[in-house]
Protein chains: 2
Amino acid sequence: MKRAKKKVFTDFMSQRGLKSTKQRDVILDSFLSSDRHLSIEELYLKIRAKHPNIGYATVYRTLKLFAEAGIAREMQFGDGQTRYEHVGEGEHHDHLVCTRCGSIEEFENETIEKLQTEVAASRGFLIERHRLELYGLCGNCRK
Amino acid sequence: MKRAKKKVFTDFMSQRGLKSTKQRDVILDSFLSSDRHLSIEELYLKIRAKHPNIGYATVYRTLKLFAEAGIAREMQFGDGQTRYEHVGEGEHHDHLVCTRCGSIEEFENETIEKLQTEVAASRGFLIERHRLELYGLCGNCRK
DNA sequence: CGTTATTATGACATCCACTTTCAACTGGAG
DNA sequence: CTCCAGTTGAAAGTGGATGTCATAATAACG
Ligand SMILES: [Mn+2]
Ligand SMILES: [Mn+2]
Ligand SMILES: [Zn+2]
Ligand SMILES: [Zn+2]
(Lines give C-alpha, C1' and ligand atoms only; values in the text may rest on other atoms or scores of the structure.)
(Ligands and ions follow the chains in the order given, each with its own letter.)
Protein backbone atom coordinates (compact mmCIF):
# COMPACT_ATOMS: atom_id res chain seq x y z
CA MET A 1 0.00 0.00 0.00
CA LYS A 2 3.08 2.12 -0.06
CA ARG A 3 2.78 1.93 -3.84
CA ALA A 4 -0.87 2.92 -3.68
CA LYS A 5 -0.17 5.98 -1.56
CA LYS A 6 2.63 7.04 -3.85
CA LYS A 7 0.24 6.89 -6.74
CA VAL A 8 -2.37 8.91 -4.87
CA PHE A 9 0.24 11.55 -4.20
CA THR A 10 1.54 11.63 -7.74
CA ASP A 11 -1.95 11.99 -9.11
CA PHE A 12 -2.70 14.75 -6.64
CA MET A 13 0.46 16.59 -7.64
CA SER A 14 -0.05 16.46 -11.37
CA GLN A 15 -3.70 17.33 -11.00
CA ARG A 16 -2.64 20.47 -9.17
CA GLY A 17 0.17 21.29 -11.55
CA LEU A 18 2.81 20.73 -8.89
CA LYS A 19 6.25 19.41 -9.63
CA SER A 20 8.00 16.24 -8.66
CA THR A 21 11.30 16.91 -6.90
CA LYS A 22 14.08 14.92 -5.28
CA GLN A 23 13.17 16.35 -1.90
CA ARG A 24 9.55 15.32 -2.15
CA ASP A 25 10.52 11.81 -3.15
CA VAL A 26 12.86 11.48 -0.21
CA ILE A 27 10.32 12.87 2.23
CA LEU A 28 7.54 10.65 0.97
CA ASP A 29 9.72 7.54 1.19
CA SER A 30 10.83 8.44 4.65
CA PHE A 31 7.33 9.22 5.81
CA LEU A 32 5.85 6.00 4.45
CA SER A 33 8.55 3.89 6.05
CA SER A 34 8.22 5.56 9.43
CA ASP A 35 6.35 4.89 12.59
CA ARG A 36 2.93 6.31 12.61
CA HIS A 37 2.33 9.57 14.52
CA LEU A 38 5.65 11.25 13.81
CA SER A 39 6.17 14.93 14.53
CA ILE A 40 7.60 17.22 11.86
CA GLU A 41 10.78 17.57 13.88
CA GLU A 42 11.17 13.81 14.24
CA LEU A 43 10.72 13.20 10.55
CA TYR A 44 13.05 16.08 9.73
CA LEU A 45 15.81 14.69 11.95
CA LYS A 46 15.39 11.25 10.49
CA ILE A 47 15.68 12.60 6.97
CA ARG A 48 18.56 14.90 7.76
CA ALA A 49 20.70 11.94 8.75
CA LYS A 50 20.88 10.85 5.11
CA HIS A 51 20.06 14.12 3.39
CA PRO A 52 21.62 17.01 5.33
CA ASN A 53 20.68 19.40 2.59
CA ILE A 54 16.91 19.12 3.02
CA GLY A 55 15.48 21.96 5.07
CA TYR A 56 12.93 21.92 7.82
CA ALA A 57 10.60 24.18 5.86
CA THR A 58 10.50 21.72 3.00
CA VAL A 59 9.58 18.85 5.28
CA TYR A 60 6.96 21.04 6.86
CA ARG A 61 5.47 22.06 3.53
CA THR A 62 5.58 18.57 2.10
CA LEU A 63 3.72 17.09 5.06
CA LYS A 64 0.99 19.66 4.48
CA LEU A 65 0.82 18.46 0.91
CA PHE A 66 0.49 14.86 2.06
CA ALA A 67 -2.43 15.89 4.21
CA GLU A 68 -4.08 17.72 1.33
CA ALA A 69 -3.53 14.73 -0.91
CA GLY A 70 -5.26 12.57 1.67
CA ILE A 71 -2.37 10.26 2.52
CA ALA A 72 -1.57 11.86 5.87
CA ARG A 73 -3.54 13.28 8.73
CA GLU A 74 -2.44 16.05 11.04
CA MET A 75 -3.00 15.50 14.73
CA GLN A 76 -2.49 17.04 18.12
CA PHE A 77 -2.06 14.95 21.22
CA GLY A 78 -1.46 17.86 23.52
CA ASP A 79 2.32 17.56 23.72
CA GLY A 80 2.76 20.80 21.80
CA GLN A 81 3.85 19.17 18.56
CA THR A 82 1.86 18.54 15.45
CA ARG A 83 2.05 14.92 14.40
CA TYR A 84 1.28 13.30 11.08
CA GLU A 85 -0.02 9.81 10.65
CA HIS A 86 -0.58 7.67 7.57
CA VAL A 87 -4.13 7.33 6.40
CA GLY A 88 -5.59 5.13 3.73
CA GLU A 89 -8.60 5.70 1.54
CA GLY A 90 -11.70 5.82 3.72
CA GLU A 91 -9.85 4.59 6.77
CA HIS A 92 -10.57 5.89 10.22
CA HIS A 93 -9.48 5.05 13.71
CA ASP A 94 -9.16 6.62 17.14
CA HIS A 95 -6.36 6.56 19.69
CA LEU A 96 -5.22 5.29 23.04
CA VAL A 97 -2.38 7.49 24.25
CA CYS A 98 -0.14 6.40 27.11
CA THR A 99 0.56 9.28 29.45
CA ARG A 100 3.67 7.61 30.80
CA CYS A 101 5.61 6.22 27.83
CA GLY A 102 3.90 8.20 25.10
CA SER A 103 3.02 5.16 23.02
CA ILE A 104 -0.01 5.46 20.79
CA GLU A 105 -2.35 2.58 19.99
CA GLU A 106 -5.17 2.68 17.50
CA PHE A 107 -8.66 1.29 17.66
CA GLU A 108 -11.92 1.29 15.78
CA ASN A 109 -15.36 0.92 17.28
CA GLU A 110 -18.33 1.06 15.01
CA THR A 111 -20.82 1.33 17.83
CA ILE A 112 -19.19 4.41 19.26
CA GLU A 113 -19.18 6.02 15.84
CA LYS A 114 -22.86 5.28 15.40
CA LEU A 115 -23.72 6.74 18.79
CA GLN A 116 -21.80 9.88 17.92
CA THR A 117 -23.90 10.34 14.83
CA GLU A 118 -27.06 9.86 16.88
CA VAL A 119 -26.02 12.40 19.48
CA ALA A 120 -25.23 14.91 16.77
CA ALA A 121 -28.44 14.22 14.87
CA SER A 122 -30.55 14.72 17.97
CA ARG A 123 -29.25 18.29 18.06
CA GLY A 124 -29.43 19.05 14.39
CA PHE A 125 -25.65 18.96 14.19
CA LEU A 126 -23.88 17.56 11.14
CA ILE A 127 -20.56 15.87 11.89
CA GLU A 128 -17.69 16.48 9.49
CA ARG A 129 -14.99 14.81 11.54
CA HIS A 130 -14.29 13.91 15.11
CA ARG A 131 -11.54 13.06 17.49
CA LEU A 132 -11.66 10.54 20.25
CA GLU A 133 -8.59 10.03 22.38
CA LEU A 134 -8.29 7.94 25.49
CA TYR A 135 -5.41 8.95 27.71
CA GLY A 136 -4.05 6.70 30.42
CA LEU A 137 -1.64 3.88 31.10
CA CYS A 138 -0.84 1.29 28.47
CA GLY A 139 -0.53 -2.39 29.28
CA ASN A 140 3.23 -2.17 29.64
CA CYS A 141 3.23 0.84 31.90
CA ARG A 142 0.69 -0.68 34.27
CA LYS A 143 3.00 -3.49 35.27
CA MET B 1 -23.00 26.95 42.42
CA LYS B 2 -21.01 30.08 41.93
CA ARG B 3 -20.83 30.21 45.72
CA ALA B 4 -19.74 26.59 45.89
CA LYS B 5 -16.92 27.11 43.43
CA LYS B 6 -15.74 30.18 45.25
CA LYS B 7 -15.54 28.15 48.41
CA VAL B 8 -13.63 25.38 46.68
CA PHE B 9 -11.15 27.93 45.46
CA THR B 10 -10.79 29.68 48.80
CA ASP B 11 -10.18 26.38 50.54
CA PHE B 12 -7.63 25.41 47.93
CA MET B 13 -5.82 28.70 48.35
CA SER B 14 -5.59 28.65 52.10
CA GLN B 15 -4.61 25.02 52.09
CA ARG B 16 -1.71 25.95 49.86
CA GLY B 17 -0.77 29.05 51.80
CA LEU B 18 -1.64 31.33 48.91
CA LYS B 19 -2.99 34.82 49.36
CA SER B 20 -6.29 36.36 48.52
CA THR B 21 -5.96 39.41 46.30
CA LYS B 22 -8.23 41.89 44.56
CA GLN B 23 -7.06 40.61 41.19
CA ARG B 24 -7.91 37.02 41.97
CA ASP B 25 -11.35 38.03 43.18
CA VAL B 26 -12.02 39.99 40.03
CA ILE B 27 -10.77 37.21 37.78
CA LEU B 28 -12.78 34.54 39.57
CA ASP B 29 -15.95 36.60 39.39
CA SER B 30 -15.43 37.33 35.76
CA PHE B 31 -14.64 33.72 34.95
CA LEU B 32 -17.67 32.35 36.76
CA SER B 33 -20.00 34.80 35.08
CA SER B 34 -18.63 34.12 31.60
CA ASP B 35 -19.53 31.91 28.76
CA ARG B 36 -17.99 28.54 28.99
CA HIS B 37 -14.91 27.78 26.87
CA LEU B 38 -13.25 31.18 27.05
CA SER B 39 -9.68 31.67 25.93
CA ILE B 40 -7.18 33.45 28.18
CA GLU B 41 -7.12 36.37 25.80
CA GLU B 42 -10.90 36.64 25.73
CA LEU B 43 -11.18 36.63 29.49
CA TYR B 44 -8.32 39.09 29.75
CA LEU B 45 -9.99 41.53 27.38
CA LYS B 46 -13.30 41.22 29.16
CA ILE B 47 -11.64 41.96 32.49
CA ARG B 48 -9.51 44.75 31.15
CA ALA B 49 -12.63 46.70 30.20
CA LYS B 50 -13.41 47.31 33.87
CA HIS B 51 -9.97 46.75 35.36
CA PRO B 52 -7.36 48.13 32.99
CA ASN B 53 -4.67 47.58 35.58
CA ILE B 54 -4.86 43.79 35.62
CA GLY B 55 -2.16 42.19 33.51
CA TYR B 56 -2.37 39.31 31.09
CA ALA B 57 0.15 37.31 33.10
CA THR B 58 -2.03 37.49 36.17
CA VAL B 59 -5.06 36.23 34.29
CA TYR B 60 -2.95 33.46 32.82
CA ARG B 61 -1.56 32.40 36.19
CA THR B 62 -4.91 32.64 37.92
CA LEU B 63 -6.60 30.40 35.36
CA LYS B 64 -3.90 27.81 36.02
CA LEU B 65 -4.77 28.05 39.68
CA PHE B 66 -8.45 27.51 38.92
CA ALA B 67 -7.53 24.36 37.03
CA GLU B 68 -5.39 23.11 39.90
CA ALA B 69 -8.17 23.87 42.34
CA GLY B 70 -10.51 21.80 40.19
CA ILE B 71 -12.98 24.51 39.25
CA ALA B 72 -11.73 24.92 35.67
CA ARG B 73 -10.54 22.66 32.92
CA GLU B 74 -8.00 23.54 30.26
CA MET B 75 -8.89 22.57 26.72
CA GLN B 76 -7.67 22.72 23.15
CA PHE B 77 -10.03 22.77 20.22
CA GLY B 78 -7.35 23.15 17.62
CA ASP B 79 -7.76 26.87 17.04
CA GLY B 80 -4.38 27.54 18.60
CA GLN B 81 -5.75 28.98 21.82
CA THR B 82 -6.04 27.34 25.19
CA ARG B 83 -9.55 27.61 26.54
CA TYR B 84 -10.84 27.18 30.06
CA GLU B 85 -14.26 25.89 30.95
CA HIS B 86 -16.10 25.64 34.24
CA VAL B 87 -16.22 22.23 35.82
CA GLY B 88 -18.14 21.02 38.80
CA GLU B 89 -17.30 18.25 41.21
CA GLY B 90 -17.34 14.95 39.33
CA GLU B 91 -18.89 16.48 36.23
CA HIS B 92 -17.95 15.41 32.75
CA HIS B 93 -19.14 16.14 29.26
CA ASP B 94 -17.92 16.12 25.69
CA HIS B 95 -18.24 18.67 22.90
CA LEU B 96 -19.81 19.48 19.57
CA VAL B 97 -17.77 22.20 17.89
CA CYS B 98 -19.15 24.15 14.95
CA THR B 99 -16.50 24.63 12.29
CA ARG B 100 -18.33 27.60 10.83
CA CYS B 101 -19.45 29.82 13.72
CA GLY B 102 -17.21 28.38 16.40
CA SER B 103 -20.03 27.69 18.83
CA ILE B 104 -19.50 24.88 21.28
CA GLU B 105 -22.25 22.63 22.58
CA GLU B 106 -21.90 20.05 25.30
CA PHE B 107 -23.26 16.56 25.62
CA GLU B 108 -23.05 13.50 27.77
CA ASN B 109 -23.53 9.94 26.64
CA GLU B 110 -23.17 7.21 29.19
CA THR B 111 -23.14 4.45 26.59
CA ILE B 112 -20.21 5.94 24.73
CA GLU B 113 -18.27 6.30 27.95
CA LYS B 114 -18.95 2.69 28.81
CA LEU B 115 -17.80 1.51 25.39
CA GLN B 116 -14.60 3.49 25.77
CA THR B 117 -13.84 1.69 28.99
CA GLU B 118 -14.49 -1.64 27.30
CA VAL B 119 -12.22 -0.85 24.39
CA ALA B 120 -9.47 0.18 26.76
CA ALA B 121 -9.94 -2.84 29.00
CA SER B 122 -9.71 -5.22 26.07
CA ARG B 123 -6.19 -3.94 25.53
CA GLY B 124 -5.07 -3.77 29.11
CA PHE B 125 -5.18 -0.01 28.96
CA LEU B 126 -6.31 2.05 31.97
CA ILE B 127 -8.10 5.30 31.07
CA GLU B 128 -7.28 8.38 33.13
CA ARG B 129 -9.16 10.86 31.00
CA HIS B 130 -10.40 11.23 27.48
CA ARG B 131 -11.51 13.73 24.95
CA LEU B 132 -14.27 13.34 22.45
CA GLU B 133 -15.01 16.20 20.10
CA LEU B 134 -17.40 16.19 17.19
CA TYR B 135 -16.62 18.85 14.61
CA GLY B 136 -19.11 19.95 12.01
CA LEU B 137 -22.04 22.29 11.38
CA CYS B 138 -24.38 23.32 14.16
CA GLY B 139 -28.12 23.56 13.65
CA ASN B 140 -27.97 27.26 12.92
CA CYS B 141 -25.19 27.06 10.42
CA ARG B 142 -26.90 24.31 8.44
CA LYS B 143 -29.81 26.52 7.49
C1' DC C 1 -1.21 49.13 64.87
C1' DG C 2 4.06 48.91 62.68
C1' DT C 3 7.27 45.28 61.26
C1' DT C 4 8.57 41.73 58.34
C1' DA C 5 8.70 37.48 55.76
C1' DT C 6 6.25 35.74 52.07
C1' DT C 7 3.61 35.81 48.11
C1' DA C 8 1.63 38.38 44.11
C1' DT C 9 1.71 41.48 40.35
C1' DG C 10 2.62 43.35 35.74
C1' DA C 11 5.70 45.04 32.30
C1' DC C 12 8.81 42.99 29.62
C1' DA C 13 11.76 39.38 27.85
C1' DT C 14 12.09 34.81 26.14
C1' DC C 15 10.71 30.47 24.28
C1' DC C 16 9.03 27.54 20.86
C1' DA C 17 6.69 25.55 17.17
C1' DC C 18 5.44 26.70 13.42
C1' DT C 19 4.81 29.92 9.20
C1' DT C 20 6.18 33.24 5.84
C1' DT C 21 9.53 35.59 2.98
C1' DC C 22 12.63 35.90 -0.73
C1' DA C 23 16.53 35.30 -3.72
C1' DA C 24 18.53 31.53 -5.95
C1' DC C 25 17.37 27.21 -8.11
C1' DT C 26 14.90 23.46 -10.66
C1' DG C 27 11.41 20.67 -13.45
C1' DG C 28 9.39 19.99 -17.49
C1' DA C 29 6.36 21.87 -21.23
C1' DG C 30 7.06 23.67 -25.70
C1' DC D 1 17.64 24.34 -25.33
C1' DT D 2 14.59 28.13 -23.37
C1' DC D 3 11.88 29.88 -20.28
C1' DC D 4 8.68 30.32 -16.58
C1' DA D 5 5.95 28.59 -13.00
C1' DG D 6 6.89 26.13 -9.16
C1' DT D 7 10.44 24.85 -5.41
C1' DT D 8 13.88 25.23 -2.01
C1' DG D 9 16.32 26.49 2.33
C1' DA D 10 18.14 30.05 5.21
C1' DA D 11 16.54 33.38 7.78
C1' DA D 12 13.17 36.38 9.62
C1' DG D 13 8.50 36.80 11.50
C1' DT D 14 4.35 35.28 14.34
C1' DG D 15 1.47 34.47 18.13
C1' DG D 16 0.49 32.28 22.22
C1' DA D 17 2.47 30.52 26.28
C1' DT D 18 5.72 30.97 29.93
C1' DG D 19 9.72 32.95 32.59
C1' DT D 20 12.05 37.00 34.93
C1' DC D 21 12.46 40.43 38.24
C1' DA D 22 11.86 44.74 40.63
C1' DT D 23 8.04 46.56 43.01
C1' DA D 24 3.80 46.09 45.67
C1' DA D 25 0.47 43.86 48.54
C1' DT D 26 -0.95 40.33 52.10
C1' DA D 27 -1.19 38.61 56.52
C1' DA D 28 1.06 36.72 60.52
C1' DC D 29 3.47 38.37 64.51
C1' DG D 30 5.01 41.18 68.26
MN1 LIG E 1 -3.34 6.69 14.37
MN1 LIG F 1 -17.62 22.16 27.88
ZN1 LIG G 1 2.96 3.30 28.26
ZN1 LIG H 1 -22.38 27.12 13.80
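Each chain gets a letter, A, B and so on, in the order the sequences are listed, and its residues count up from 1.
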(Q) Measure CG/B:Asp79 against C1'/D:dA17 and give the value in whole Å, please. (A) 14 Å
Q) Given atom CD of B:Gln15 and atom P of C:dT7, what is their separation to the nearest angstrom? A) 15 Å
**Q.** d(CG, B:Leu63; P, C:dT9) in whole Å
**A.** 12 Å
(Q) Under the salt bridge (Lys or Arg N to Asp or Glu O under 4.0 Å) definition, can you give me all pairs with a residue in residues 110-130 of chain A, not counting sequence neighbours? (A) A:Arg123-B:Glu105
In residues 45-59 of chain A, what donor-acceptor pairs under 3.5 Å come from side-chain atoms, sequence neighbours left out?
unit_1: A:Lys46; atom_1: NZ; unit_2: A:Ser30; atom_2: O; d: 3.3
unit_1: A:Lys46; atom_1: NZ; unit_2: A:Ser33; atom_2: O; d: 3.4
unit_1: A:Lys46; atom_1: NZ; unit_2: A:Ser34; atom_2: OG; d: 2.6

Q. Is the shortest side-chain N/O distance from B:Arg16 to OP1 or OP2 of C:dT7 below 4.0 Å?
A. no
Q. Between A:Val119 and A:Phe125, does a side chain to side chain contact (heavy atoms under 4.5 Å, CB included) hold up when you go through it step by step?
A. CA-CA 8 Å; A:Val119 167; A:Phe125 192 99; over 6 Å; no
Q.
Can you list, in residue-number order, the parts of residues 40-61 of chain B that come under 4.0 Å of DNA chain C, counting heavy atoms only?
A. B:Asn53, B:Ile54, B:Gly55, B:Ala57, B:Thr58, B:Arg61
Q | Exam field: side chain B:His86 to backbone B:Phe31, donor-acceptor pair closer than 3.5 Å | A | yes
Q: Could you state the atom-to-atom distance from CD of B:Gln81 to P of D:dT18 in whole Å?
A: 13 Å
Q) Got a sec: does the CD of B:Glu91 have more than 12 other heavy atoms crowding it under 6.0 Å? A) yes
**Q.** Sugar-phosphate, base or nothing in reach of B:Thr82, heavy atoms under 4.0 Å
**A.** sugar-phosphate
(Q) Between A:His130 and A:His92 (judged by ring centroids, cut-off 6.0 Å), do the two rings come close enough to count as a pair? (A) yes
Q) For nucleotides 25-30 of chain C, read 5' to 3', which letter fits each nucleotide if B means a protein heavy atom sits under 4.0 Å from the base, S means only the sugar-phosphate is that close, and - means neither? A) -BBS--
Q) Do side-chain atoms of B:Ser103 reach the backbone of B:Cys98 as a donor and acceptor pair under 3.5 angstrom? A) no
Q | Atom pair distance, as rounded to whole Å: CZ in B:Phe77 and P in D:dG16 | A | 17 Å
Q) Nearest-Å distance, CD (A:Gln76) to C1' (C:dC16)? A) 14 Å
For residues 72-79 of chain A, run the donor-acceptor check on the side chains, cut-off 3.5 Å, and write out each pair with its distance to 0.1 Å, sequence neighbours left out.
unit_1: A:Arg73; atom_1: NE; unit_2: A:Glu85; atom_2: OE2; d: 3.0
unit_1: A:Arg73; atom_1: NH2; unit_2: A:Glu85; atom_2: OE2; d: 2.7
unit_1: A:Arg73; atom_1: NH2; unit_2: A:His93; atom_2: O; d: 3.3
unit_1: A:Glu74; atom_1: OE1; unit_2: A:Tyr84; atom_2: OH; d: 3.3
unit_1: A:Gln76; atom_1: OE1; unit_2: A:Thr82; atom_2: OG1; d: 2.9
unit_1: A:Asp79; atom_1: OD1; unit_2: A:Gln81; atom_2: N; d: 3.1
unit_1: A:Asp79; atom_1: OD2; unit_2: A:Arg83; atom_2: NE; d: 3.3
unit_1: A:Asp79; atom_1: OD2; unit_2: A:Arg83; atom_2: NH2; d: 2.9

**Q.** Integer-rounded Å distance: C:dT9 P and B:Leu65 CG
**A.** 9 Å
Q: Report the residues that fulfil salt bridge (Lys or Arg N to Asp or Glu O under 4.0 Å) with B:Lys19, sequence neighbours left out, ordered by chain and then residue number.
A: none
